[in-house]
Amino acid sequence: MKKIDRLCVFFNNGSQKTLVGTLALFKNRFAAFSYSDIWLKTGFSISPFSLPLEKKVFIPEWEAFGGLHGIFNDSLPDGWGRLLVDRMITKAGGNPAELSVLDRLAIVGSLGMGALTYEPESFLSDTQILSDDFDKISAECERILNSELSDSENLDAIFAAGGSSGGARPKVFAKIGGEDWIVKFPSSVDSKEIGKQEYDYNICAKNCGVEVSDVKLFASKKCSGYFGTKRFDRNYFCKGRILMASASALLETSHRIPNLDYNTLCLLSLQLTKDNAEIEKLFRLMCFNVFSHNRDDHSKNFSWLYNENEKRWFLSPAYDLTYSNSIGGEHATTIDGEGKNPNIENILAVAKKNGIKLSRAKEIAEEIEASVKKDLSEYLIL
């Protein structure tokens with residue numbers, strides 16, 4: 001596989017593709033980035049805090065993402081997706097350990113989340129979806145997770161269908177009714193009923209006033225169903241692709257390090273969106289995570305979307321909502337400094353520090369707590 005030392009970054013909104021800038025290896029370790037002249041005239045900052053819209057060469061100040069800026073790291077697959085990439089490279093006779101971050105972005109090409117795409121694209125870009133039979137794809141995913149060899153055509157097909165997307169659970173991209181969806185399958189450590197559980201969590205979150213994308217429970221002969229969600233990086237503001245940036249990317253901090261607090265996230269959201277209504281949305285999500293025991297609330301599980309028409313950032317719909325733990329069983333993102341046993345006092349402290357009236361905050365918290373206890377009781381005794 002040809003090594004990549006320079007890579008073009010494009011903004012692809014579905015109707016047109018514009019050159020954002022160029023990535024180039026610096027000292028064989030860092031991916032230096034500079035905006036293109038056309039983007040400097042007509043575009044916007046793709047990561048406002050670390051990549052302001054300026055004519056200069058930006059070099060990462062640390063190696064939290066292997067020498068990439070966080071916004072580009074968001075495009076790389078994690079967990080399941082990285083496993084697929086590494087296995088495909090191995091089957092092709094390559095060594096995954098020798099891949100640079102630019103090599104990996106070149107493999108992603110146009111298959112990543114959000115609106116950023118990378119060229120040159122790899123040989124995988126023309127591979128067709130394996131099957132619309134989710135049971136068959138799930139079986140293929142299970143075989144790969146269990147280290148059972150699979151022919152390269154199927155591996156390539158699952159990758160093109162979306163198996164390279166972020167996260168630990170196997171998943172594919174699917175067209176449903178002309179719209180883009182993500183369908184997830186159980187990992188090797190999940191309950192076979194994880195699909196229904198995540199579906200129930202999303203329905204409960206919606207009833208709690210938390211914004212979530214459309215969800216479905218797809219039929220299966222092997223379990224109660226597979227969880228699917230409509231892609232908000234494709235279908236939210238428009239029918240094209242939408243720029244998406246996680247808290248991890250914006251703050252240049254690895255999601256593997258539990259170093260955030262909801263106060264930090266609220267401040268980030270306010271500085272990014274300039275809208276107090278976005279703070280209340282984040283506060284409502286925090287309450288849901290606390291009362292539903294969703295503790296894997298790390299920095300990649302909060303994202304913001306850029307609306308080109310309004311030239312504004314907005315908090316994305318919530319995602320990856322299910323019963324979970326982080327390191328030591330605590331929240332990955334603390335609630336006013338408390339991660340192990342957050343209570344109403346911690347919740348109200350976050351509200352007070354971020355300009356939400358305490359009477360309003362208490363009303364929101366109590367409503368969400370009651371709804372969660374009613375709708376998710378079977379999971380909260382885990």
Side-chain angles (χ1 to χ4, degrees), residues 70 73-81 112-115 162-174 176 179-187 190 194-218 226-237 241-250 255 260 262 265 268-269 272 278 281-306 313-326 331-333 368 372 376 379:
N73 184 69
D74 267 3
S75 297
L76 289 177
D78 191 17
W80 160 254
M113 302 295 286
S164 64
S165 57
R169 287 171 57 195
K171 61 191 74 171
V172 295
F173 297 159
I176 299 172
E179 296 181 313
D180 296 296
W181 285 67
I182 295 175
V183 182
K184 295 183 178 181
F185 307 107
S187 74
D190 283 328
I194 189 66
K196 183 178 184 303
Q197 179 175 314
E198 188 164 359
Y199 175 80
D200 289 343
Y201 262 68
N202 275 263
I203 295 301
C204 180
K206 185 176 183 179
N207 292 337
C208 290
V210 175
E211 185 178 9
V212 296
S213 191
D214 292 346
V215 296
K216 284 177 127 182
L217 192 63
F218 291 93
Y226 300 119
F227 174 75
T229 180
K230 189 162 72 171
R231 293 182 63 172
F232 55 75
D233 68 321
R234 296 288 191 271
N235 301 295
Y236 194 63
F237 300 123
R241 301 174 68 125
I242 301 163
L243 182 66
M244 172 178 169
S246 70
S248 171
L250 293 164
H255 70 289
L260 289 184
Y262 279 95
L265 289 179
L268 167 62
S269 193
L272 191 65
E278 297 297 301
K281 287 167 61 176
L282 189 55
F283 177 80
R284 193 175 286 273
L285 175 56
M286 178 192 74
C287 290
F288 179 80
N289 286 342
V290 169
F291 294 123
S292 69
H293 204 281
N294 179 29
R295 298 191 166 191
D296 194 31
D297 46 357
H298 56 70
S299 58
K300 267 204 169 183
N301 279 344
F302 303 94
S303 290
W304 286 260
L305 305 174
Y306 187 78
W313 289 89
F314 294 85
L315 184 68
S316 80
Y319 54 96
D320 283 359
L321 303 177
T322 190
Y323 185 100
S324 60
N325 286 301
S326 186
H331 280 271
T333 297
I368 291 177
V372 166
L376 300 178
Y379 303 114

Could you tell me which residues satisfy side-chain hydrogen bond (donor to acceptor under 3.5 Å, both in side chains) with [X], sequence neighbours excluded, listed by chain and number?
X      : result
Ser316 : none
Asn207 : none
Trp313 : none
Arg231 : Asp233

In Å and rounded to the nearest 0.5 Å, what is the [atom1] to [atom2] distance from [X] to [Y]?
X      : Y      : atom1 : atom2 : result
Tyr236 : Met244 : OH    : CE    : 12.0 Å
Lys171 : Tyr226 : NZ    : OH    : 15.5 Å
Leu265 : Leu272 : CG    : CG    : 11.5 Å
Phe227 : Phe185 : CZ    : CZ    : 12.5 Å
Cys208 : Leu376 : SG    : CG    : 7.5 Å
Ser246 : His298 : OG    : NE2   : 9.5 Å

If you take all heavy atoms of [X] and [Y], which pair is closest and at what distance?
X      : Y      : answer
Trp304 : Ser269 : NE1-OG, 3.0 Å
Glu198 : Asp320 : OE2-CA, 3.9 Å
Leu260 : Ser299 : CD1-CB, 3.4 Å
Val183 : Phe218 : CG2-CE1, 3.9 Å
His331 : Ser326 : C-CB, 4.3 Å
Cys204 : Phe288 : SG-CE1, 3.9 Å

**Request:** Mind running side chain to side chain contact (heavy atoms under 4.5 Å, CB included) on Phe173 and Asp180 for me, showing each step along the way?
**Result:** CA-CA 7 Å; Phe173 297 159; Asp180 296 296; over 6 Å; no
Who pairs with [X] by ring pair (Phe, Tyr, Trp, His ring centres under 6.0 Å), at least two apart in sequence or on another chain?
X      : answer
Phe302 : Tyr262
Tyr319 : Phe232
Tyr201 : Tyr379
Phe314 : Phe237

**Request:** Would you mind listing every salt bridge (Lys or Arg N to Asp or Glu O under 4.0 Å) that reaches into residues 289-299, with sequence neighbours excluded?
**Result:**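 Listed once each, the pairs would be none.
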**Message:** Could you tell me if the side chain of His293 sits less than 4.5 Å from the side chain of Asn325, heavy atoms only?
**Reply:**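 Yes; the side chains approach each other to less than 4.5 Å.
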**Prompt:** Does any non-hydrogen side-chain atom of Ser292 lie less than 4.5 Å from one of Ile368?
**Reply:** no
**Complete:** Residues at least two apart in sequence or cross-chain that pass side chain to side chain contact (heavy atoms under 4.5 Å, CB included) with Leu217, listed by chain then number, are Lys196, Tyr199
**Partner set under side chain to side chain contact (heavy atoms under 4.5 Å, CB included) for Lys281, not counting sequence neighbours** = Glu211, Glu278, Leu315
**Message:** Test side chain to side chain contact (heavy atoms under 4.5 Å, CB included) on Leu321 and Asn289; report intermediate values, then the result.
**Reply:** CA-CA 8 Å; Leu321 303 177; Asn289 286 342; 3.9 Å; yes
**Request:** Taking Thr229 for its side chain and Ile182 for its backbone only, find out whether a donor-acceptor pair lies under 3.5 Å.
**Result:** no
**Message:** When you measure from the side chain of Arg169 to the backbone of Ser187, do you find a donor-acceptor pair of N or O atoms at a distance under 3.5 Å?
**Reply:** no
**Item:** Stepwise side chain to side chain contact (heavy atoms under 4.5 Å, CB included) check, Val215 with Lys206
**Value:** CA-CA 10 Å; Val215 296; Lys206 185 176 183 179; over 6 Å; no
**Message:** Going by the rule salt bridge (charged side-chain N to carboxylate O under 4.0 Å, His left out), which residues pair with Lys300 if we only count those two or more places apart in sequence or in a different chain?
**Reply:** none
**Message:** Please determine whether side chain to side chain contact (heavy atoms under 4.5 Å, CB included) holds for the pair Asn73 and Leu76, giving the CA-CA distance in whole Å, both sets of side-chain angles, and the decisive distance to 0.1 Å.
**Reply:** CA-CA 5 Å; Asn73 184 69; Leu76 289 177; 3.9 Å; yes
